[in-house]
**Q** 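Pasting in a structure now, in structure tokens, and then I'll have a few things to ask.
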Amino acid sequence: MKKTRTTAALLGTALLAAVLTPGSAQADAGRASATCGLTLGAVTSAGDHKFQRITAPSPVTTTKPAVGPAGLFPVDQARLAGAVGQQLDPPSGLARSGYVTIVNELYGFDYVVDQTTGQLDPDSVKQWRVGGGWTPEYTYFEESRYSDPAYSRTNTYALQGGVIWRWTVDKLAWRSKAAYPGFSAVKTLTLISQTRTYDTFLASTRGGALYTIRIPLTGTPVVKKVRAATWQGFETLIAERCGSQSTLLLGIDKDTRTAYLYAVSHANGAATVIKGLGQVGTEFTDKTYFRFYGDTPEAPKLYGE
């Protein structure tokens with residue numbers, strides 16, 4: 001019971017009120033790092049969900065990882081995971097949803113935990129098969145949900161070889177599949193900006209370069225180089241909004257089981273300011289990682305570019 005209470009304290013009402021705790025609305029990375037944080041989610045080898053709060057400024061602080069719900073997925077079979085959104089489920093629940101690949105199949109899932117205890121409602125767990133063919137050639141998956149009081153859209157993205165794929169999701173129907181080739185050098189990506197008309201990803205290459213890739217709802221991607229080298233060591237990048245238009249960036253090196261936190265100004269090509277905040281004092285050994293966020297029209301959207 002102690003573990004579930006820890007989970008609830010970490011991920012309860014405070015998360016829905018503010019996924020971040022922004023300071024002043026500044027693009028400057030130094031100011032943006034002052035009081036920001038992100039909640040890192042993971043799928044463990046045992047198929048559990050695990051959550052940990054990571055907070056700037058330097059030195060970086062972390063909460064003790066909270067494991068649960070346990071046994072959501074088959075042991076040692078989850079490979080890719082998209083962001084997991086959370087919203088209130090009255091009268092006393094917190095509903096979470098997202099996507100995960102199990103072996104070579106993609107599944108969507110929903111579940112509800114008690115807002116006070118963190119206890120899983122077993123009757124709430126739903127999983128559905130989206131489709132097959134998700135072989136190891138697919139190395140990245142993400143979902144972008146944008147909503148404001150007057151408009152909403154959901155798009156999913158995947159990196160397969162040198163191609164970024166995008167789908168428009170309408171309830172359970174995936175349609176309007178689009179292909180964007182030319183990204184064979186990309187090692188991994190992370191979503192950093194969501195607007196009515198585009199999504200932007202921060203991408204690292206195997207050679208160590210760092211780029212932004214803006215993918216508009218109509219038209220071709222716009223690519224800008226941010227850095228020329230040194231970013232090749234990270235297999236996973238996780239981003240969260242910080243302040244009005246900056247980004248808190250976590251880079252995870254699975255080979256060394258380490259991670260480093262960065263504050264990134266509003267992206268503007270090579271003029272982008274990146275400030276290293278230090279190593280995160282936790283060993284990173286899980287199967288796959290994802291962003292955990294408040295999924296409501298009022299919650300701040302990513303706006304890093």
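Note that the structure is predicted; figures quoted are calculated from it, not measured. Just the heavy atoms: all of them, side chains too, but no hydrogens, waters or symmetry mates, feed the values below.
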**Q** Within a strict 4.5 Å, meaning less than it, do heavy atoms of the T272 and V264 side chains meet?
**A** yes

**Q** Does one side chain, of S97 or R145, offer a donor that lies under 3.5 Å from an acceptor on the other?
**A**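 Yes, because at least one side-chain N or O of S97 sits under 3.5 Å from a partner of the opposite role on R145.
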
**Q** Could you walk me through whether W134 and F141 pass ring pair (Phe, Tyr, Trp, His ring centres under 6.0 Å), step by step?
**A** CA-CA 10 Å; W134 290 79; F141 175 85; 5.8 Å; yes

**Q** Would the distance check show the side chain of Q86 and the main-chain N or O of G294 forming a donor-acceptor pair, the cut-off being under 3.5 Å?
**A** no

**Q** How about F51 and F292: are their ring centres within less than 6.0 Å of each other?
**A**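 Yes, they do, as the ring centres are separated by less than 6.0 Å.
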
**Q** If only atom types and distance count, is the side chain of Y198 paired as donor or acceptor with the main-chain N or O of T195 below 3.5 Å?
**A**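 Looks like no, no N/O pair under 3.5 Å.
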
**Q** In terms of hydrophobic clustering (I, L, V, M, F, W, Y; side-chain heavy atoms under 4.5 Å; direct or indirect links), are L248 and I54 co-clustered?
**A** yes

**Q** Decide yes or no on side chain to side chain contact (heavy atoms under 4.5 Å, CB included) for L217 and N155, but give the supporting numbers first.
**A** CA-CA 10 Å; L217 297 187; N155 293 98; 4.0 Å; yes

**Q** Decide yes or no for K225 and T212: does some side-chain heavy atom of the first lie under 4.5 Å from some side-chain heavy atom of the second?
**A** no

**Q** Under the side-chain hydrogen bond (donor to acceptor under 3.5 Å, both in side chains) rule, collect the residues that match up with R196, sequence neighbours excluded.
**A**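 For R196 the side-chain hydrogen bond (donor to acceptor under 3.5 Å, both in side chains) partners, ignoring immediate neighbours, are D148.
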
**Q** Spell out, yes or no, whether L210 and V223 are grouped together once hydrophobic residues are joined by side-chain heavy atoms under 4.5 Å, including indirect joins.
**A** no

**Q** Does the side chain of Y146 come within less than 4.5 Å of K301's, by heavy atoms?
**A** yes

**Q** Taking all non-hydrogen atoms of both residues into account, name the closest pair between Y138 and W165 and its distance.
**A** CE2-CD1, 4.3 Å

**Q** Report the C-alpha separation of E142 and L189 in whole Å, then their side-chain angles, then the decisive distance to 0.1 Å, and conclude whether the side chain to side chain contact (heavy atoms under 4.5 Å, CB included) test is met.
**A** CA-CA 9 Å; E142 186 58 291; L189 307 99; over 6 Å; no

**Q** Atom OG1 of T247 and atom CG of L191: how far apart are they, to the nearest 0.5 Å?
**A** 9.5 Å

**Q** Do Y180 and V222 share a hydrophobic cluster (ILVMFWY, side-chain heavy atoms under 4.5 Å, transitive)?
**A**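 No.
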
**Q** Are R153 and D199 close enough for a salt bridge, meaning some N to O gap below 4.0 Å?
**A** yes

**Q** State which residues pass salt bridge (Lys or Arg N to Asp or Glu O under 4.0 Å) with K187; sequence neighbours excluded, sorted by chain then number.
**A** E235

**Q** Looking only at atom types and distance, does a side-chain atom of S265 sit under 3.5 Å from a main-chain N or O of V273, one as donor and one as acceptor?
**A**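 Yes; judged by distance alone, with no hydrogens or angles, the pair exists.
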
**Q** We want to know whether T282 and Q52 form a side-chain donor-acceptor pair, criterion being a heavy-atom distance below 3.5 angstrom.
**A** yes

**Q** Does one side chain, of R53 or T39, offer a donor that lies under 3.5 Å from an acceptor on the other?
**A**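 There is such a pair (donor and acceptor under 3.5 Å, judged by atom type) between the side chains of R53 and T39.
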
**Q** Which pair of heavy atoms, one from I213 and one from F183, lies closest together, and at what distance?
**A** CD1-CE2, 3.5 Å

**Q** Taking atom CH2 of W128 and atom CG of L106, what is their separation to the nearest 0.5 Å?
**A**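 It comes to 10.0 Å.
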
**Q** Determine which pairs satisfy ring-ring contact (aromatic ring centres under 6.0 Å, His included) with at least one residue from residues 200-243, sequence neighbours left out, and list them in order.
**A**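 Residue pairs passing ring-ring contact (aromatic ring centres under 6.0 Å, His included), neighbours aside: Y157-F201, W231-F234, W231-Y262.
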
**Q** Any side-chain heavy atom of D286 sitting closer than 4.5 Å to one from K50?
**A**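 With C-beta onward as the side chain, the pair touches.
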
**Q** If I take atom OG from residue S124 and atom CG from residue L94, how far apart are they, to the nearest 0.5 angstrom?
**A** 11.0 Å

**Q** Would you kindly confirm whether V226 and V186 end up in one hydrophobic cluster when ILVMFWY residues are joined by side chain heavy atoms under 4.5 Å apart?
**A**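 V226 does not cluster with V186.
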
**Q** Check each of T62, I238, V60 against L261 using the side chain to side chain contact (heavy atoms under 4.5 Å, CB included) test, and report the only one that passes.
**A** V60

**Q** S147 and P297: which non-hydrogen atoms are nearest, and at how many Å?
**A**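 The answer is OG-CA, 3.5 Å.
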
**Q** Starting at OG1 of T236, measure out to NZ of K254 and round the result to the nearest 0.5 Å.
**A** 4.5 Å

**Q** Let me check something: do I192 and Y260 share a hydrophobic cluster, defined by ILVMFWY side-chain heavy atoms less than 4.5 Å apart, either directly or through other members?
**A**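 Yes; Y260 is reachable from I192 via cluster members.
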
**Q** Classify the ring geometry of Y111 against H49: parallel below 30°, tilted from 30° to 60°, perpendicular beyond 60°.
**A** tilted

**Q** Please check: side-chain N/O of H266 versus main-chain N/O of S246, any donor-acceptor pairing under 3.5 Å?
**A** no

**Q** Rounded to the nearest 0.5 Å, how far apart are CG of L38 and CG of L40?
**A** 6.5 Å

**Q** Are Y107 and F73, when compared by the centres of their aromatic rings, separated by less than 6.0 Å?
**A** no

**Q** Identify the heavy atoms of V100 and A78 that sit nearest to each other, and give their distance.
**A**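 In this case the closest contact between V100 and A78 is CG2-CB, 3.9 Å.
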
**Q** Hey, mind stepping through F109 and V84 against side chain to side chain contact (heavy atoms under 4.5 Å, CB included) and telling me if it holds?
**A** CA-CA 10 Å; F109 63 86; V84 173; 3.8 Å; yes

**Q** Any sub-3.5 Å donor-acceptor pair from D114's side-chain atoms to T116's backbone N or O?
**A**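 Looks like yes, one N/O pair under 3.5 Å.
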
**Q** For the backbone of Q87 and the side chain of D295, can you confirm whether one donor and one acceptor N or O come within less than 3.5 Å of each other?
**A** no

**Q** Just wondering, do L237 and L249 contact through their side chains at under 4.5 Å, heavy atoms?
**A** yes

**Q** Is it true that R96 and D110 make a salt bridge, defined as a side-chain N closer than 4.0 Å to a carboxylate O?
**A** no

**Q** Apply the side chain to side chain contact (heavy atoms under 4.5 Å, CB included) test between P69 and each candidate in L120, D48, V112; give the one that qualifies.
**A** L120

**Q** If we ignore hydrogens and angles and just use 3.5 Å, is the side chain of R227 paired with the main-chain N or O of G269 as donor and acceptor?
**A**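 Not confirmed, R227 side chain does not pair with G269 backbone.
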
**Q** Pick one: which of Q127, Q77, R79 meets side chain to side chain contact (heavy atoms under 4.5 Å, CB included) with I102?
**A**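 Answer to the side chain to side chain contact (heavy atoms under 4.5 Å, CB included) test with I102 among Q127, Q77, R79: Q77.
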
**Q** Grab the two heavy atoms, one from R291 and one from A239, that are nearest each other, plus how far apart they are.
**A**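 Looking at all heavy atoms of both residues, the shortest contact is CD-O, 3.3 Å.
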
**Q** Tell me whether T296 contacts the main-chain N or O of A299 through its side chain, where contact means a donor paired with an acceptor under 3.5 Å.
**A**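 Yes; at least one donor-acceptor contact below 3.5 Å.
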
**Q** Return the minimal non-hydrogen interatomic distance between L80 and Y140, and the atom names on each side.
**A**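 Distance-wise, the nearest heavy atoms are CD1-N, 4.0 Å.
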
**Q** Report the C-alpha distance between T200 and I215 in whole Å, list the side-chain angles of each, state the deciding distance to 0.1 Å, and finish with yes or no for side chain to side chain contact (heavy atoms under 4.5 Å, CB included).
**A** CA-CA 6 Å; T200 300; I215 302 180; over 6 Å; no

**Q** Could you state the interatomic distance from NZ (K287) to OG1 (T44), rounded to the nearest 0.5 Å?
**A** 10.0 Å

**Q** With no hydrogens and no angle check, just 3.5 Å: does a side-chain donor-acceptor pair link E305 and S193?
**A** no

**Q** Could you check whether any side-chain heavy atom of P216 comes within less than 4.5 Å of a side-chain heavy atom of T197, counting everything from C-beta outward?
**A** no

**Q** Can you confirm whether Q232 sits close enough to R206 that some side-chain heavy atom of one is under 4.5 Å from a side-chain heavy atom of the other?
**A** no

**Q** What do the steps show when you test Y99 against W174 for ring pair (Phe, Tyr, Trp, His ring centres under 6.0 Å), and what is the final call?
**A** CA-CA 13 Å; Y99 292 94; W174 289 36; 5.6 Å; yes

**Q** Looking only at the side chains, is there a donor atom on one of D253 and T258 sitting less than 3.5 Å from an acceptor on the other?
**A**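 The criterion, which ignores hydrogens and geometry beyond distance, is not satisfied for T258 and D253.
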
